Amino acid sequence: MTRTLNIKDALNEALRQEMEADSRIVLMGEDIAGGAGRDDINPDGTDCWGGVFGVTKDLLGQFGRDRVVDTAIAETGFVGAAIGASLVGMRPIVEIMFADFIGTSFDQLLNHAAKLRYMYGGKVSVPIVVRTVTGAGFRAGAEHSQTLYSLYTHVPGLKVVAPSTARDAKGLMLSAIRDPNPVIFMEHKRLYLLDDDVPEEPYTIPFGVARIAREGKDVTIVGVQKMVHTALDAAKLLAEEGIEAEVIDPRTYSPLDEDTILGSVEKTGRLVIVDESHPRCSLPTDISALVADKGFASLRSPIKMVTGPHTPIPFSPPLEDAFIPDAGQIVEAVKSQFEMARS
Amino acid sequence: MTVGRDTLIDLWTRMVRIRRFEDRVATVAANNEADGFLHTYSGQEAVACGVLPPLRDEDWFTSTYRNHGHAIARNIPLDGLAGEVYGKANGVCRGKGGSMHVADQDYGMIGGMGIVAGGLPIATGVAYGYKYLGKDNVSAAFFGDGAVHQGAWHESLDFAALFECPVIFVCENNLYAESTYIEYHLNAESISAMAAPYGIPAVQVDGMDVLAVRDAMEEAIDRGRSGGGPSLIEAMTYRYGGQYEGDNQLYKPAKEEAWWREQDPLLRFRATVEGIIDSAELDAIDEQAAADVAAAFDIAIAAPWPDVSELTTDVYAPIA
Ligand SMILES: Cc1ncc(C[n+]2csc(CCOP(=O)(O)OP(=O)(O)O)c2C)c(N)n1
Ligand SMILES: [Mg+2]
């Protein structure tokens, strides 16, 4: 049976269902329950926060403090501890409250989680999930708004997931938990309340399989996480002008579904990639390189990237709005492709 | 009392300016007049006003996202601060930082940092620089009780002790790291006790008593200026607001908050100066502070937004 859930609640359901099924799973992070040390005023085991955005709400009540662990502000410590616990059979899921804070734990991910299996000859694996929160548009300033997808995607050994719908969020979360590798699971703070039809029973969505969010024959628009929705808005505007855009949501960036992107470009001959991140060494440059390399013959015009600028993310509302790509910029990019056709 | 009347008046002025500013920020947040996360400082005024006035203007310090009190205690003009809360062009960072990242190095405030413990290594480096350059300045780093779990915290104390950097680590221990109570998150006996293994002199002080904080600070400053290296001050205090405005605060027992409100730094100050400054004079300063805050917000509200061209400026410094 399906019903309408938003991304926050779909993730909560995924965590709950998998924790019910697998006692090896523990959640760790700062204020993921909230009120730790104050059980005297919350004696019935209710949480105060359930995380800043409420994704882990009410899990404390069901699973207790042994499995929903509020940590100190020690990301290196608890991410590393999750790695260690996973080596001996646990399935830890840790939360880094904002993707921007990952710097404080990055060494454990970059040099340990990602590499232990490879450099130790393949005997061990690190089945952890690192949930974190991405995205601008929340007026949260330069240190609470980044996406940083490409930092992880760059690192062999890590898997990188960034869902844009509630249905995908749940299915990808269950895959992430069951995956024997370290998975960075990125949740966009401005998508948490977005509704979708979500099946009630547990289900998985495989990594490395893109979702075609809209079919079209004239141009392929690849959207990164929240930008999938912006791309869909642009597709509507383009349709009014007789241009049918195909919108692709890769859903996972490591692994990346190359075939779906290449197949779509083969059909449309045009590619626009939209990402709110900074443009350099990014998912758009990566996907551009892929298509320039393996899909060159299909291209009828230059590949276009629509991204945020190479600047930190400003607080001031009009500046932040100018930072984030909008549908109008995508429409412009597509139109420019029709003007710059290859003879 | 070793502190003169003028100094007392000055400390009171700074404290009430903070309180009235944060009262207004709370209203702004409640009415959704400004966007973003707003972290208020009410309750902690005695820490900023004990620590910052004894420093020289050229003694730089780092702050956190909970920085309005630090800015005001350093006499950064209120209109620029209010402008930054809204992200207006008149803001101290021209709107690009926002409330969490208030800064003005002309007043010694390197800036508010959003990453817990992010300021400690930087303040340590500032002190290292002063020493290398042969200056007798000291630096300071504010941090909360939650910050002591970060590697950056430990590495800073270690570096500062090893190289005898004149940095003063100032802990504002308000008993909570977001919603998490200190007795849960801290295994050490106290935060001041955590400085001992690094060989750093540390004291725990009553952070609701501006003069007690000031005494501790003066001692730490003397140590730093005279080549005695780093110090740590743990000021016991309380935040009246949530982690940020809008926080449900379900984790705070009402009795606890009531007890701390009886220790209110403004009330305590009034009691301390009884017989030296009459309450009508204190009231008049408080009213003036409220008027100054209102005027500052009027300026900020009327100020223009930054021009969109500002989006791409100041990413890199130009090559001279
Ligand atoms: C490295 C890092 N982890 C997590 C956070 C999220 N966060 C912001 S404030 C805070 C609590 C800090 O508590 P404390 O140090 O006691 O300072 P207070 O807010 O009480 O002044 C947390 C966990 C962060 N900003 N940086
Ligand atoms: Mg605190």
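The figures here come from the full heavy-atom set of this structure, side chains too, leaving out hydrogens, waters and symmetry mates. Since we're looking at a predicted model, the values are computed, not measured. Each chain gets a letter, A, B and so on, in the order the sequences are listed, and its residues count up from 1.
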Handout entry: Nearest heavy atoms of F101(A) and G114(B), plus distance in Å
Key = CE2-O, 4.3 Å
Handout entry: Atom of E143(A), atom of H101(B) and distance for their closest heavy-atom approach
Key =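 Reported closest heavy-atom pair: OE1-CE1, 3.2 Å.
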Largest heavy-atom contact set with chain A, pairs under 4.5 Å, which of [options]:
options: V308(B), I182(B), I115(B), V148(B); result: I115(B)
options: E178(B), E183(B), Q243(B), E310(B); result: E178(B)
options: E256(B), R94(B), E84(B), H185(B); result: E256(B)

Exercise for the section: Apply the test side chain to side chain donor-acceptor pair (under 3.5 Å) to residues R65(A) and Y184(B): give CA-CA distance (whole Å), side-chain angles for both, the deciding distance (0.1 Å), then the verdict. Expected result: CA-CA 12 Å; R65(A) 289 216 179 266; Y184(B) 175 90; 5.2 Å; no
Problem - Backbone of C48(A) reached by a side-chain donor or acceptor of N248(B) within 3.5 Å - result: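 It does hold such a pair.
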[atom1]-[atom2] distance between [X] and [Y], expressed to the nearest 0.5 angstrom:
X: Y251(B); Y: R38(A); atom1: OH; atom2: CZ; result: 11.0 Å
X: L250(B); Y: T46(A); atom1: CG; atom2: OG1; result: 7.5 Å
X: Y65(B); Y: H144(A); atom1: OH; atom2: NE2; result: 8.5 Å
X: E75(A); Y: H149(B); atom1: CD; atom2: NE2; result: 11.0 Å
X: T180(B); Y: D70(A); atom1: OG1; atom2: CG; result: 5.0 Å

Practice task
State whether the number of non-hydrogen atoms from other residues, nucleotides or ligands found under 6.0 Å of E189(B) atom CD is greater than 12.
Solution key: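 Incorrect, the count does not exceed 12.
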Exercise for the section: Count the heavy atoms belonging to other residues, nucleotides or ligands that lie under 6.0 Å from CG of D40(A), then report whether that count exceeds 12. Expected result: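 Atom CG in D40(A) is packed in, count exceeds 12.
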Completion exercise
Turns out that what part of Y316(B) lies under 4.5 Å from chain A's heavy atoms comes down to side chain
Practice task
Check each atom of D314(B) against the heavy atoms of chain A and say whether the ones under 4.5 Å are side chain, backbone, both or neither.
Solution key: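 No part of D314(B) comes within 4.5 Å of chain A.
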Practice task
Indicate whether the side chain of S179(B) and that of D31(A) have a donor and an acceptor atom separated by less than 3.5 Å.
Solution key: yes
Problem - Heavy-atom pair count under 4.5 Å with chain B, highest-scoring of F98(A), F315(A), F138(A) - result: F315(A)
Practice task
Under 4.5 Å, counting heavy-atom pairs only, tell me which of P317(A), A322(A), A142(A) racks up the most with chain B.
Solution key: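 Counting heavy-atom pairs under 4.5 Å, the top option is P317(A).
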Practice task
Could you tell me whether K96(B) and E320(A) make a salt bridge, using a distance below 4.0 angstrom between a side-chain N and a carboxylate O?
Solution key: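 Salt bridge absent between K96(B) and E320(A).
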Practice task
Please state whether the rings of Y244(B) and W49(A) are parallel, tilted or perpendicular, taking 30° and 60° as the class boundaries.
Solution key: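 Geometry flag for W49(A) against Y244(B): tilted rings.
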Problem - Side chain / backbone / both / neither for I41(A) at chain B, heavy atoms under 4.5 Å - result: side chain
